Amino acid sequence: MQWLLIALLAVIVFYAAPCVVIFILTFYGRYDPKAAMKKRYFIPFRSQIDEAAARLGSLDYEPVAIKARDGTTLRGKYYRGSSDKLAILIHGYNASATSNFCVSGLALYGRGYSLLMTDERAHGESGGRKTGFGLLERYDILSWLDWAEKNAEEKSFFIYGVSMGSVALAFISDKLPADRVKALCFDCGFVSPREQMRLIAKKHHIPGRIMIPFIRVLAKLFIGEDINDTVVGPLSRSRIPSVFMYGGRDLTVPLSDGREYFAAYSAPKLMLIAPEAEHTMCFIAGGEKVKKPFFDFIDKYVK
C-alpha cells in the first residue's frame with residue numbers, strides 16, 4: 001500500500017500537475033492586447049503598423065457590446081464606411097484587432113468597407129477569463145454576425161480571421177449564411193488545437209505526446225470542447241468563396257497547415273503565400289503581390 005501511494009504521488013507530481021499548469025496557462029487568464037506588438041516579427045514593420053494604428057484610431061466609431069451564447073460580454077468597434085460592404089475582423093490569440101488588422105483594416109476602409117473590429121473573449125475590452133483556441137470563439141463569430149444582421153446598415157459581409165481567429169472562422173465556416181456572408185479570409189490558421197499544442201510543446205522540449213491526452217480531458221471538463229477537433233470537415237462543407245493567406249517563414253503555424261486548409265476547401269478559393277512573411281505578416285510583408293490579388297478576389301464576390 002505504501003508503494004502504491006508513493007507511485008500515485010509520483011504520477012500527480014511528475015505528470016498530472018504539469019499538465020494542469022500548462023492547461024491553465026493556455027486556456028485561462030486575461031490576454032494582453034499589446035503583446036503581439038512586442039513579437040519579433042512585428043519589428044521590421046513597426047513604423048508602418050504604428051502609422052496605420054494612429055490613422056485608424058483617429059476615425060470615428062461606434063462602440064459595440066453583445067452577449068455571447070454563454071453570457072460572456074464581447075466588445076468591439078464599428079466603423080461606418082462608404083459602401084454597402086462590412087468586414088468583420090477576428091484577431092488571434094494574445095493579440096488585438098489593432099495589432100492584427102490596423103494595416104489591412106485601413107486598406108479595407110479605404111476601399112469603402114465598413115469595419116467591425118472585435119475583441120475576442122478574455123482579450124481587450126471583452127469579458128471572460130478563458131479562451132478556447134478557436135473552439136469557443138467560433139460561436140462568438142455567430143454572435144457578431146447576428147449583431148451585424150440586426151444592426152449594421154450593410155448587406156454584404158466579409159469575415160477575415162487571423163491565426164486563432166482564422167481557426168474559429170474555419171470551425172464555423174459551414175454554418176455561415178452564404179446569402180449575407182459573401183467571402184472569407186483565413187490568414188495563418190492552424191488545423192487543430194491539439195496539433196498546434198503539440199508543435200508548441202516540441203519547440204519548448206515538453207513531452208506533448210504524453211501530456212496532451214490529459215490536457216484534452218481537462219479541456220473537455222472545463223472548456224466543454226475537444227482539442228482534437230480539426231477544421232478539415234467544416235472547411236470541406238463550406239460554399240463561401242475564400243482567400244487563404246500564409247507566410248513562407250511562419251514558425252508559429254507552418255505553411256503545411258495552410259496547404260491542408262486549401263486542399264480541404266471545395267468552394268471558389270485563392271491561396272496567397274508571401275515567401276518572406278512570418279506569422280500574421282502576410283498582408284503587410286507581401287506588399288502589392290498579396291494586396292492586389294486579395295482585393296481582386298474579394299471584390300469579385302463582396303458587392
Side-chain angles (χ1 to χ4, degrees), residues 33 56-57 59-92 96-98 100-102 104-106 108-128 130-132 134-162 164-187 224-225 234 237-243 267 298-303:
L56 193 63
L59 301 176
D60 293 332
Y61 67 86
E62 174 190 336
V64 178
I66 65 172
K67 288 289 185 182
R69 294 187 174 192
D70 63 358
T72 302
T73 298
L74 304 175
R75 299 185 185 278
K77 297 176 180 178
Y78 170 58
Y79 297 80
R80 182 70 175 98
S82 59
S83 73
D84 199 32
K85 302 179 288 187
L86 172 66
I88 302 174
L89 308 178
I90 315 295
H91 69 75
S96 69
T98 300
N100 284 164
F101 293 112
C102 59
S104 56
L106 197 63
L108 285 161
Y109 186 82
R111 297 175 74 91
Y113 282 78
S114 296
L115 308 177
L116 178 57
M117 302 185 72
T118 68
D119 281 349
E120 295 275 28
R121 57 177 56 235
H123 290 74
E125 296 182 5
S126 286
K130 65 181 178 182
T131 185
L135 292 166
L136 293 175
E137 292 76 8
R138 56 178 156 181
Y139 307 116
D140 297 341
I141 292 176
L142 293 180
S143 297
W144 283 115
L145 186 58
D146 182 61
W147 177 89
E149 290 180 323
K150 294 177 180 177
N151 298 278
E153 299 178 23
E154 300 78 17
K155 303 301 179 186
S156 295
F157 302 152
F158 165 57
I159 308 181
Y160 185 168
V162 167
M164 185 182 75
S166 175
V167 180
L169 180 58
F171 272 128
I172 207 69
S173 59
D174 60 335
K175 301 291 191 300
L176 300 172
D179 61 324
R180 298 296 297 276
V181 181
K182 303 298 185 178
L184 307 172
C185 180
F186 302 96
D187 189 339
E225 300 289 346
R237 295 187 292 270
S238 179
R239 294 296 176 264
I240 300 174
S242 297
V243 180
I298 66 168
D299 287 348
K300 180 180 177 180
Y301 298 100
V302 189
K303 299 178 180 179

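Please read all numbers here as calculations on a predicted model, not as lab measurements.
- Between R80 and E62 no salt bridge is recorded (no basic side-chain N to carboxylate O distance below 4.0 Å).
- Counting heavy atoms of neighbouring residues, nucleotides and ligands inside a 6.0 Å radius, atom CG of D60 does not exceed 12 of them.
- Note that the CD1 atom of I88 and the OH atom of Y160 stand 15.0 Å from one another [nearest 0.5 Å].
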Inset, instruction - Assess whether side chain to side chain contact (heavy atoms under 4.5 Å, CB included) is satisfied between I159 and L169, documenting all intermediate values. - result: CA-CA 8 Å; I159 308 181; L169 180 58; 3.6 Å; yes
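- In this structure, D119 contributes its side chain and E125 its backbone to a donor-acceptor pair below 3.5 Å.
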Inset, instruction - Please assess V64 against W144 for the test side chain to side chain contact (heavy atoms under 4.5 Å, CB included), listing each intermediate value before the final yes or no. - result: CA-CA 10 Å; V64 178; W144 283 115; 3.7 Å; yes
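- Taking 4.5 Å as the limit, some side-chain heavy atom of R121 sits within range of a side-chain heavy atom of D70.
- Considering all non-hydrogen atoms of both residues, A170 and P234 come closest at O-CB, 3.3 Å.
- Side chain to side chain, T131 and E137 meet the donor-acceptor criterion of an N or O pair below 3.5 Å.
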Legend entry - Residues L108, K85; criterion side chain to side chain contact (heavy atoms under 4.5 Å, CB included); working and verdict: CA-CA 10 Å; L108 285 161; K85 302 179 288 187; over 6 Å; no
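- The shortest heavy-atom contact between F158 and V302 is CB-CG2, 4.0 Å.
- By the ring pair (Phe, Tyr, Trp, His ring centres under 6.0 Å) test, Y79 pairs with Y61, sequence neighbours left out.
- With sequence neighbours left out, the ring pair (Phe, Tyr, Trp, His ring centres under 6.0 Å) criterion links W147 to Y78.
- When only modelled atom types and interatomic distance are considered, K67 and T72 share no side-chain donor-acceptor pair under 3.5 Å.
- K300 and K303 make their closest contact through O-CE, 2.9 Å (heavy atoms, listed as atom of the first residue, atom of the second, distance).
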